[in-house]
Each structure stands twice: as structure tokens, then as C-alpha cells.
Amino acid sequence: MKKLGVNLDHIATIRQARKTSEPDPVSAISLIELAGANSIVMHLREDRRHTQDRDLELARKIVKTKLNLEMAPTQEMIKIALDVKPDTVTLVPERREELTTEGGLEVALNMESFKKYIRLFHDADITVSLFIDPDLDQVKASHRVGADVIEISTARYSESKTGKELETNIQQIVNAVITAEKLKLGIAAGHGLTYLNIEPIIRIDAITEYNIGHSIIARAVFTGIMSAVREMKDKINSRL
Ligand code: PXP
């Protein structure tokens, strides 16, 4: 069975827009797990623009499936991850000015650093996933540095503007998957996947895990909005 990881950052983004306490991404965890998610994904960014340290600490206490922490491999984040001990860390590149993670890691040119990070996490019994573009050099380098899993970025695929671009991007993903399979790497995919564009990616058998955030939280706004309005309408019409 294919696995779904649900990324909570977009719930935290709504909360941080008002710097208030709701919606609390931590409160969503049990509901998301009850609905069948296989893991909870959170990205603690250096600028703390959405997920906060307290979210991660509380999540570690209540997640019953698996906790996957997305993080840049900085000293600060490595220390936090080794303290909190998520089940998996997904290493991602991070730039302060980006809206969301742009592109995958440059593993091939930084093999010694990645080996060092991965050793630290393995010593703490934490699975390591590397978020990379569908590029054969990066897949092979991820294997050489000892990653357990690669998460193939579907960003370029999801941003395809023409049928030809889409085809090229799918083929690159397929090629990366074939190489990763031969190297016995676990294979996940994520970034920009939606209810409308995910089908060709689901058809790639060897991808066994999908990490999705924005599209699910965006849909939840609409699937939940009618009862939310009804509740408020009832409230303002009820005599206290
Ligand atoms: N996987 C990784 C490594 C990411 O950085 C993100 C974005 O936080 C996702 C998956 C989820 O992307 P989206 O929110 O576009 O579904």
C-alpha cells in the first residue's frame, strides 16, 4: 500500500498570519491520523514563518504514526532534531527569501557533509530522507552518502506549462526512480502535488510515499467551510 504523509505547515501558516493560537496544527494531528495518513510532516524553518518549536515538541508527544521533520542541515536544526528525535528527518535546502522549498539538495557536490549529517542521525536511530531533484547524479550521490530514502521533488513536474514539458518531467522522475530502485533506496515524492496532477505520479509503482501539504489543506478549507458557517450562524441566533 502506498503511504501518505500530510504536511501541517499550511495550518501553521494560517495561525501565524494572525500570530494567534488557532488553527493549532497540533490539534489536527489525531484527525489526520484517524483519516488514514501514514505520517505527519512538519518543516521547522530557520525563520519560524509557520511551524514553531512548540508545535514540533508537542507533535513528538502525540503522533502515533510517524513524525517526519523537514529541515535544513544547519547546526541549529541538527541539534533540535537530535533532541526531539523524529522518526525521519527529510533534509531540504532552505533559502530565507523563498516562498516554499525551491529545488532539491546538492548532494553530489557536498558528499562529505551529507555523510557526516547522516551518520549523526543514524547514531540517534533516525531515518534519513534526502529531498532531491529527479537527477541521476543526485540519486547516486544520495545512495553513496548513506541515505535511507530519497524524496524526489515533483516541483518542476507540478509547474509544467505544456504537455511536452510535462512528459519530459515525468520521464526524469521515472529515470530517477529506476536508478533509485536499483540502489535499493526508499522512494518518496512530494511538492506541488494536487488532486488533479497526482495521477501520473501514482502510476509509478516504486514510489511508495507521497508527502502532500498545500493541496490537502486548501481542500479542507472548502470541505469544512459549510459546517463552520452554519455553526456561527446558529451561534449568533441562539439566545444565551
Ligand atoms: N516535501 C517537501 C520536501 C517539501 O518541502 C514540501 C513543502 O513543504 C512538501 C513535500 C509538500 O509540498 P506541498 O505543500 O506543495 O504539497
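Note that ligands are numbered from 1 as they come in the structure, with each ligand's atoms numbered from 1 the same way.
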**Student:** Passes side chain to side chain donor-acceptor pair (under 3.5 Å), N68 versus T90? Steps please.
**Tutor:** CA-CA 7 Å; N68 181 349; T90 299; 2.8 Å; yes

**Student:** Which ligand 1 atoms, with their elements, are less than 4.0 angstrom from a heavy-atom of I212?
**Tutor:** 16 (O)

**Student:** Heavy atoms only: which of E70, H191, H10, R45 is nearest to atom 2 (C) of ligand 1?
**Tutor:** E70

**Student:** I need the atoms of ligand 1 closer than 4.0 Å to a non-hydrogen atom of N7, numbered in the order shown.
**Tutor:** 8 (O)

**Student:** Do you see a donor-acceptor pair shorter than 3.5 Å between the side chains of S160 and N169?
**Tutor:** yes

**Student:** Nearest 0.5 Å please: distance from the CG atom of N110 over to the OH atom of Y117.
**Tutor:** 7.5 Å

**Student:** With rounding to the nearest 0.5 angstrom, report the OG to CE distance, S142 to M111.
**Tutor:** 9.5 Å

**Student:** side-chain hydrogen bond (donor to acceptor under 3.5 Å, both in side chains) with N211: which of E70, E151, H191, K3?
**Tutor:** E151

**Student:** Under 4.0 Å from any heavy atom of H214, which atoms of ligand 1 are there?
**Tutor:** 13 (P), 14 (O), 16 (O)

**Student:** Would you check whether V92 has a nitrogen or oxygen atom less than 3.5 angstrom from a nitrogen or oxygen atom of ligand 1?
**Tutor:** no

**Student:** Judging by distance only, is a nitrogen or oxygen of F131 under 3.5 angstrom from one on ligand 1?
**Tutor:** no

**Student:** Please confirm whether S215 approaches ligand 1 to less than 4.0 Å, judged on its heavy atoms.
**Tutor:** no

**Student:** Side chain to side chain donor-acceptor pair (under 3.5 Å) for Q16 and R48? Distances and angles first, verdict last.
**Tutor:** CA-CA 9 Å; Q16 295 311 110; R48 307 298 197 273; over 6 Å; no

**Student:** Ignoring angles and geometry beyond distance, decide whether N211 reaches within less than 3.5 Å of ligand 1 through its nitrogen or oxygen atoms.
**Tutor:** no

